[in-house]
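Below, chain A is the first sequence line, B the second, and so on; all start at residue 1.
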2 protein chains.
Amino acid sequence: MSAEVAKRPGSMRKKRTNDPQGMRCRVLDVAEDCFQARGYHASSLGDLMAAAGVTGGALHHHFPTKKALALAVIEERVAAAVRQTWIEPVRAAPSAREGVRAVFETLAAALEQQGYVRGCPLNNLAHELSFADPDFRIALADIFAGWRRAIADKVRADQEAGGEGGTDPDRFAALTVAAYSGAMSMAKTAQDAGVLRECLAGLERVEPSPSQNGPPARRRRRVLRQQPIR
Amino acid sequence: MSAEVAKRPGSMRKKRTNDPQGMRCRVLDVAEDCFQARGYHASSLGDLMAAAGVTGGALHHHFPTKKALALAVIEERVAAAVRQTWIEPVRAAPSAREGVRAVFETLAAALEQQGYVRGCPLNNLAHELSFADPDFRIALADIFAGWRRAIADKVRADQEAGGEGGTDPDRFAALTVAAYSGAMSMAKTAQDAGVLRECLAGLERVEPSPSQNGPPARRRRRVLRQQPIR
DNA sequence: CTAAAAACAGGACGATCACCCTGTTTTGGA
DNA sequence: TCCAAAACAGGGTGATCGTCCTGTTTTTAG
């Protein structure tokens with residue numbers, strides 16, 4: 001592929017500067033990228049070493065096995081990606097629904113101008129690794145759980161602040177994460193981000209809640225439509 | 001794993017009975033199972049040969065390459081699984097919404113008593129293969145498209161029959177497929193099918209449409225219940 | 001300054017893996 | 001009946017992969 005990627009400029013011959021953090025980070029960068037693009041099993045350590053400009057010895061020093069490397073990618077990079085792409089924007093949004101909408105639209109727009117769809121980092125690895133290996137599975141499940149919890153907590157916060165009617169927080173969170181994950185799966189397979197917008201449109205019509213809510217409201221006033229049974 | 005799987009009883013030594021269809025089917029069975037459980041790249045042809053009781057020559061005769069085998073699994077088995085699990089039940093249901101609900105509940109119940117969650121066959125392969133290889137991608141995208149089309153067509157049929165208000169058929173189909181795919185992804189990662197029920201509950205609150213909506217059953221007798229369109 | 005530990009280099013090794021090739025047996029049509 | 005093609009058997013091969021091992025260089029602690 002691209003000839004020289006890194007290798008540190010190191011002016012002249014000889015002399016080496018140890019930079020364990022930097023090297024570890026470079027390996028993680030390349031591994032994250034390669035695992036997303038080709039998958040875990042289809043990425044060889046030789047590819048990664050070449051792409052990162054790292055020798056076998058160095059790689060083995062920081063990550064004893066390929067599995068350890070992937071686990072680090074999941075726990076450090078994938079978890080961070082979900083946090084930064086989903087959790088923080090939703091927390092910062094004026095409401096859960098608005099946050100979800102903003103994330104969907106931001107992502108869709110980014111993918112459309114990117115020209116290709118690589119899929120959701122979490123789901124990509126989850127599908128390939130979660131059933132075969134318990135360690136991978138648990139690490140990935142934790143990320144899913146944190147993602148859902150963040151959305152559900154936001155709904156609860158909205159409710160305590162007066163907004164958002166009887167929406168079940170956990171149910172809304174599960175559906176949101178599922179809809180996004182599935183939409184990304186389709187977008188990746190079709191190489192078209194349009195389905196993200198379709199799913200968002202559908203999501204926004206979920207249980208518009210008995211209280212406020214602009215144009216698409218009205219009705220929903222019957223007698224006792226939903227018992228507090230939950 | 002399990003010692004002897006097949007190998008044809010063949011009473012005594014000598015004598016062979018050619019059964020190209022049967023052998024092809026056995027290979028496909030094993031490949032489908034193995035690809036779902038371990039993934040494409042993690043399944044070696046040696047594993048498949050041993051599990052199916054097939055020699056290298058026979059395997060190579062029916063499927064020249066591993067990719068050809070996977071393509072056959074996708075086009076014949078995965079497509080059939082989606083047809084049988086989703087498309088036919090939804091078509092046969094009294095309405096799109098009821099069909100979707102029935103499929104979700106059937107699947108959730110089956111997974112719960114199965115004890116483990118292997119994930120959606122289509123999504124499993126789509127995540128691992130669709131971005132890296134165009135041939136795989138197109139084959140998988142076609143299945144997704146057929147799945148969505150079947151649901152959308154059912155909604156349209158409901159509308160022409162008088163039921164189902166202003167629900168956008170394509171939007172509803174996209175959200176349904178996405179929610180199911182994503183829910184299965186989470187269920188597989190958490191090894192818990194409960195999230196399927198949560199997502200179904202959320203899905204059923206999508207755009208209940210300006211017309212009817214109440215206890216989920218009853219009704220459906222109106223004037224022209226089901227046109228002979230079939 | 002010195003010694004030990006950490007960081008890195010680079011090659012070797014055994015184990016697969018997917019594919020191919022050369023035979024042998026079975027089958028169906030002429 | 002005969003023969004060509006299909007169906008199947010089974011071993012071989014080159015490539016590749018993940019891991020490990022032996023050195024060398026840099027950093028750090030005392």
Side-chain angles (χ1 to χ4, degrees), chain A residues 1 6-28 30-31 34-35 38-73 128-129 132-133 135-136, chain B residues 1 6-28 30-31 34-35 38-73 128-129 132-133 135-136:
Chain A
M1 309 302 167
K7 210 78 171 203
R8 337 220 82 233
S11 52
M12 289 241 281
R13 201 63 51 85
K14 285 296 176 88
K15 217 60 186 163
R16 194 185 80 200
T17 26
N18 283 2
D19 179 20
Q21 290 187 151
M23 169 158 287
R24 206 187 109 99
C25 185
R26 257 188 306 151
V27 172
L28 244 26
V30 170
C34 203
F35 288 165
R38 297 178 234 179
Y40 174 76
H41 287 104
S43 302
S44 78
L45 294 183
D47 292 342
L48 301 185
M49 281 162 47
V54 165
T55 64
L59 178 61
H60 182 262
H61 176 73
H62 290 282
F63 307 100
T65 64
K66 188 183 182 184
K67 175 173 171 175
L69 172 58
L71 235 21
V73 167
E128 187 180 358
L129 303 175
D133 189 297
D135 297 320
F136 285 139
Chain B
M1 309 299 167
K7 210 77 171 200
R8 337 220 85 234
S11 50
M12 289 242 280
R13 200 65 48 85
K14 285 291 174 101
K15 216 57 187 163
R16 195 185 81 200
T17 27
N18 283 1
D19 180 18
Q21 290 187 151
M23 170 159 287
R24 205 187 110 98
C25 186
R26 257 189 305 152
V27 172
L28 244 26
V30 170
C34 203
F35 288 164
R38 296 179 235 178
Y40 172 78
H41 286 105
S43 303
S44 77
L45 294 183
D47 293 342
L48 301 185
M49 281 162 46
V54 165
T55 64
L59 178 61
H60 182 261
H61 176 74
H62 290 282
F63 306 100
T65 65
K66 188 182 182 184
K67 175 173 171 176
L69 171 59
L71 235 21
V73 167
E128 187 179 359
L129 302 175
D133 188 299
D135 296 320
F136 285 139

In whole angstrom, what separates [X]'s [atom1] from [N]'s [atom2]?
| X | N | atom1 | atom2 | result |
| --- | --- | --- | --- | --- |
| Met49(B) | dC17(C) | CE | P | 11 Å |
| Phe63(A) | dA7(C) | CZ | C1' | 14 Å |
| His41(B) | dA18(C) | NE2 | P | 9 Å |
| His61(A) | dA7(C) | NE2 | P | 4 Å |
| Phe35(A) | dG18(D) | CZ | P | 9 Å |
| Leu59(B) | dC21(C) | CG | C1' | 15 Å |
| His62(A) | dT19(D) | NE2 | P | 16 Å |
| Lys66(B) | dT16(D) | NZ | C1' | 13 Å |

Name the nucleic acid region contacted by Thr55(A), choosing base, sugar-phosphate or nothing; use a 4.0 angstrom heavy-atom cut-off, strictly under. base
Candidate list Val54(A), Leu45(A), Leu48(A), test side-chain contact (heavy atoms from CB on, under 4.5 Å), partner Val27(A), passing option: Val54(A)
Can you list the steps and then say if His41(A) with Tyr40(B) is a side-chain contact (heavy atoms from CB on, under 4.5 Å)? CA-CA 9 Å; His41(A) 287 104; Tyr40(B) 172 78; over 6 Å; no
Mapping Pro20(A) and Gly56(B) to their closest nucleotides on DNA chain C, which lands nearer the 5' end? Pro20(A)
DNA chain C nearest-nucleotide lookup for Asn18(A) and Gly57(B): closer to the 5′ end is Asn18(A)
Output yes when at least one side-chain N/O atom of Ser44(B) is less than 4.0 Å from OP1 or OP2 of dT16(C), else no. no
Ignoring backbone atoms, establish whether His60(B) has a side-chain N or O less than 4.0 Å from OP1 or OP2 of dC19(C). no
To the nearest 0.5 Å, how far apart are CG in Leu59(A) and NE2 in His61(A)? 11.0 Å
How many angstroms lie between CG in Leu71(A) and CG in Asp133(A), if you round to the nearest 0.5 Å? 8.0 Å
Side chains of Arg26(B) and Met23(B), heavy atoms from C-beta outward: is any pair under 4.5 Å? yes
Please confirm whether any donor atom in the side chain of Arg16(B) sits under 3.5 Å from an acceptor in the base of dT25(C), or the reverse. yes
